[in-house]
Amino acid sequence: MRIILMMLLPIGDTLFATPGVHALRRRYPDARITALVYPTNKGILDNNPDIDDFLLWPTRQIWTDFLRFPKLFWDIRRTHYDLAIEFANYLIWLSWLAGIPRRSEMNLPKFWWVWPWSGVKWRRRHAAEHYADPVRRLGIPVEETWLRMGPSARDKARAQAWLDNYEVAPGELLVGIHPGGEGLWGRKRWGVQGFTQVADGLSKKLGARIMLMGGKEDAPLAAEIAANSTARIINATGQTTLGETAALAAHCALFIGNDSSPLHIAAASGARVVGIYGITDPRSYHPWMPGGQEGVDYAVVRSTLSCACGFSLIGGITVATWVRLLACPALKTITPDQVLDACIRLIEAE
C-alpha cells in the first residue's frame with residue numbers, strides 16, 4: 001500500500017500532525033508512506049520513523065526551472081498512491097487530478113468563511129486534534145497524542161557542542177527565548193523590549209543563562225536583545241537546524257516564546273514553556289503536552305482585550321474575523337512583569 005501525506009503546512013502545524021501520522025503507521029506498518037512537504041517544514045519530520053520518504057513542493061528555496069512542478073505532479077501520478085491524507089484541504093485538487101482513489105480530509109465546518117456561528121465548538125479544539133481528524137475519519141483511533149520530533153545523534157552532538165563552547169555547566173539554569181515568528185505577517189511577535197526585560201529579570205533574580213533561538217529571519221530581533229540585555233546571552237539564532245533547536249530546547253529548564261514553531265518544538269522536547277498569545281487562540285494553539293498541567297508544565301500569557309485570542313485554526317474563522325484580528329493591538333497590552341511572573345512560577349513549581 002502506498003500512502004501520501006499532503007503536509008504543505010506551517011512548521012508548528014506539521015508538528016501537531018505527527019500523532020495522526022503515527023496512528024496511521026501503526027494501522028499500516030508495511031505501507032510506503034510519503035510526505036509532500038515544503039523545504040521549510042521538512043526538518044520537523046526528517047528523523048520521524050513513521051515516514052519513509054519525501055516529495056518537495058517547489059518553492060524559492062529549491063526552484064530551478066519551470067518544469068519543477070510538472071515533474072512533481074508526474075511523480076505523484078505515476079506512483080499510483082492508494083490513499084491521500086489531506087492535512088491541507090486546499091490540495092484536494094492535486095490528489096484528485098493525480099487519480100488517487102481514496103482520500104481523507106480535514107473536517108472543516110460548513111460556511112466557516114461567512115457565518116460567525118458555524119463550527120463554534122470546532123474552533124475551540126486544539127490544532128493537534130484537528131490534524132488527527134483525517135486519520136480518525138478512516139476509522140483509525142489516534143490515542144498516543146504527544147508530538148513526535150526526535151533529534152538525530154548529530155543534532156544532539158551539535159547542541160552539546162554549543163553548550164560546551166559557552167561553558168554551560170550541568171544543572172545551570174538555562175532559559176531559551178524565541179523572540180520571532182513569521183506567522184500572520186509578524187502579528188504574533190511580542191516586542192523585543194519586553195523579551196529583553198524578561199531576560200534581564202531572570203538573570204538578576206535567578207542567575208539564569210539566556211539562549212536566544214530561532215531562524216535566520218529572527219536574527220535581527222535576537223541581535224537587538226543581545227545588544228541591550230545585561231544577561232549572559234548565548235545567541236544561536238539562525239545558526240541551528242530544527243533538529244538542533246529541539247536538542248538545545250531539551251537542555252533548557254524553561255523556554256519562552258511567541259505562538260510559533262520553536263515554542264511547540266520546545267514543548268515536544270520536554271521543556272517547560274511560557275507562550276505569549278496576542279491574536280491567536282490558546283485553545284487552538286496552547287503548548288501541547290498531553291497530561292501536562294497549565295501553571296505547572298506550561299503557562300499561557302494572553303491579552304485581555306476583547307479582540308484578542310480569536311484566531312483559531314486556519315480555515316476556521318470568517319473573513320470578518322480575519323479583518324478584525326489583523327488590526328487588534330493585543331500583544332501591546334502584555335507587560336514584561338506578566339511574562340516574568342509566569343516564568344518564575346513555572347520554575348518554582350518544579
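In this structure, H264 has its ring center at least 6.0 angstrom away from the ring center of W288. Y298 has its ring centre less than 6.0 Å from the ring centre of H286.
Looking at heavy atoms from C-beta onward, L72 lies in side-chain contact with L36 at the 4.5 angstrom threshold. In this structure, L202 and C343 have side chains that are in contact, with non-hydrogen atoms separated by less than 4.5 Å. Between I256 and V273 there is no side-chain heavy-atom pair separated by less than 4.5 Å. Residues M213 and C252 form a side-chain contact, since some pair of their non-hydrogen atoms from C-beta on lies under 4.5 Å apart. Considering only heavy atoms from C-beta on, R209 stays 4.5 Å or farther from V175 through its side chain. Here the side chains of R187 and L325 are not in contact, with every heavy-atom distance at 4.5 Å or above. Looking only at side-chain heavy atoms (C-beta outward), I177 and M211 stay at 4.5 Å or farther from each other. Proximity of I140 to L24: side-chain heavy atoms (C-beta onward) are separated by under 4.5 Å at one or more points.
At a threshold of 4.5 Å between side-chain heavy atoms, the hydrophobic network of Ile, Leu, Val, Met, Phe, Trp and Tyr places V339 and L305 in two separate groups. Transitive grouping of hydrophobic side chains (ILVMFWY, heavy atoms separated by less than 4.5 Å) keeps V323 and W185 in distinct clusters. Cluster membership check: W146 does not share its hydrophobic cluster with V21, using side-chain heavy-atom separations under 4.5 Å among Ile, Leu, Val, Met, Phe, Trp and Tyr. A single hydrophobic cluster is not seen to contain both F87 and I92; linkage of ILVMFWY side chains at heavy-atom distances under 4.5 Å, directly or through other members, places them apart. Grouping the Ile, Leu, Val, Met, Phe, Trp and Tyr side chains by contacts below 4.5 angstrom, directly or via other members, places W74 apart from L55.
Going from atom CG of L83 over to atom CD1 of I100 covers 8.5 Å, rounded to the nearest 0.5 Å. In this structure, CG on D133 lies 5.5 Å from CG on N107, to the nearest 0.5 angstrom. I76 contributes atom CD1, which lies 13.0 Å from atom CZ of R2 (distance to the nearest 0.5 angstrom). Between the CG atom in L174 and the CG atom in L248 there is a gap of 8.0 Å [rounded to 0.5 Å]. Taking CG from D82 and NE2 from H80, the interatomic distance works out to 10.5 Å, rounded to the nearest 0.5 Å. In this structure, CE on M149 lies 9.0 Å from CD1 on I11, to the nearest 0.5 angstrom.
When atom types are taken as modelled, the side chain of Y81 and the backbone of G99 share no donor-acceptor pair closer than 3.5 angstrom. A donor-acceptor pair under 3.5 Å is formed between the side chain of R137 and the backbone N or O of E105. With D13 contributing its side chain and P10 its backbone, the two residues share no donor-acceptor pair below 3.5 Å. The backbone N or O of A226 lies less than 3.5 Å from no partner atom in the side chain of S229, so there is not a single donor-acceptor pair. No side-chain donor-acceptor contact under 3.5 Å links N165 to the backbone of A161. Checked by atom type and distance alone, the side chain of S104 pairs as donor or acceptor with a backbone atom of P134 at under 3.5 Å.
No hydrogens or angles considered: a donor-acceptor pair under 3.5 Å links the side chains of N235 and T237. Using modelled atom types and a 3.5 Å distance limit, the side chains of T240 and T245 yield a donor-acceptor pair. Of the N and O atoms on the side chains of H178 and D218, at least one donor lies less than 3.5 Å from an acceptor on the other residue. Side-chain N/O atoms of T196 and N228 include no donor and acceptor closer than 3.5 Å.
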Would you sort out whether H126 and F16 count as a side-chain contact (heavy atoms from CB on, under 4.5 Å), showing the intermediate values? CA-CA 9 Å; H126 196 277; F16 292 145; 3.7 Å; yes

CA sep, side-chain torsions, deciding dist, call: D259, T280, side-chain hydrogen bond (donor to acceptor under 3.5 Å, both in side chains): CA-CA 8 Å; D259 174 26; T280 49; 2.9 Å; yes

Could you go step by step and tell me if F54 and L5 meet the side-chain contact (heavy atoms from CB on, under 4.5 Å) rule? CA-CA 9 Å; F54 296 93; L5 311 175; over 6 Å; no

side-chain hydrogen bond (donor to acceptor under 3.5 Å, both in side chains) between D164 and Q160, intermediate numbers included: CA-CA 6 Å; D164 292 343; Q160 187 60 56; 2.9 Å; yes

Run the side-chain contact (heavy atoms from CB on, under 4.5 Å) check on L91 and E86 step by step: do they pass? CA-CA 7 Å; L91 283 178; E86 306 281 0; 4.0 Å; yes

Mind running side-chain contact (heavy atoms from CB on, under 4.5 Å) on L212 and I234 for me, showing each step along the way? CA-CA 6 Å; L212 303 177; I234 302 169; over 6 Å; no

Before you tell me yes or no, could you show the steps for R25 and D52 under salt bridge (Lys or Arg N to Asp or Glu O under 4.0 Å), namely the whole-Å CA-CA distance, both residues' side-chain angles and the distance that decides it to 0.1 Å? CA-CA 10 Å; R25 169 58 76 193; D52 296 301; 2.7 Å; yes

Run the numbers on D281 and R302 for salt bridge (Lys or Arg N to Asp or Glu O under 4.0 Å), then give the verdict. CA-CA 9 Å; D281 191 341; R302 71 195 84 190; over 6 Å; no

Could you give me the CA-CA distance, side-chain angles and deciding distance for R189 and E182, then say whether salt bridge (Lys or Arg N to Asp or Glu O under 4.0 Å) is met? CA-CA 8 Å; R189 290 199 296 254; E182 290 187 290; over 6 Å; no

If you apply the rule ring-ring contact (aromatic ring centres under 6.0 Å, His included), what do you find for W122 with H130, and how did you get there? CA-CA 8 Å; W122 184 93; H130 290 305; 4.0 Å; yes

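Within the structure, every pair that satisfies the ring pair (Phe, Tyr, Trp, His ring centres under 6.0 Å) test and touches residues 194-231, not counting sequence neighbours, is listed here: W190-F195.
G180 approaches L221 most closely through the heavy-atom pair CA-CD1, 3.7 Å.
Counting heavy-atom neighbours within 6.0 Å of R103 CZ, excluding the residue itself, gives a total above 12. Surrounding CD of E217 are more than 12 heavy atoms belonging to other residues, nucleotides or ligands, all under 6.0 Å away. For R26, the CZ atom counts as loosely surrounded, since its 6.0 Å shell holds 12 or fewer non-hydrogen atoms of other residues, nucleotides or ligands.
The residues D200 and K205 are annotated as not salt-bridged, no charged nitrogen and carboxylate oxygen being separated by less than 4.0 angstrom. Between E172 and R232 there is a salt bridge, with a side-chain nitrogen of the basic residue lying less than 4.0 Å from a carboxylate oxygen of the acidic one. Electrostatic pairing of E129 and R283 does not count as a salt bridge here, judged by no charged N lying under 4.0 Å from a carboxylate O. At a threshold of 4.0 Å, the pair R78-D75 counts as salt-bridged, since one of the basic side-chain nitrogens sits closer than that to a carboxylate oxygen. Between D46 and K42 there is a salt bridge, since a side-chain N of the basic residue sits under 4.0 Å from a carboxylate O of the acidic one. Taking 4.0 Å as the cut-off between side-chain N and carboxylate O, E244 and K156 do not count as a salt-bridged pair.
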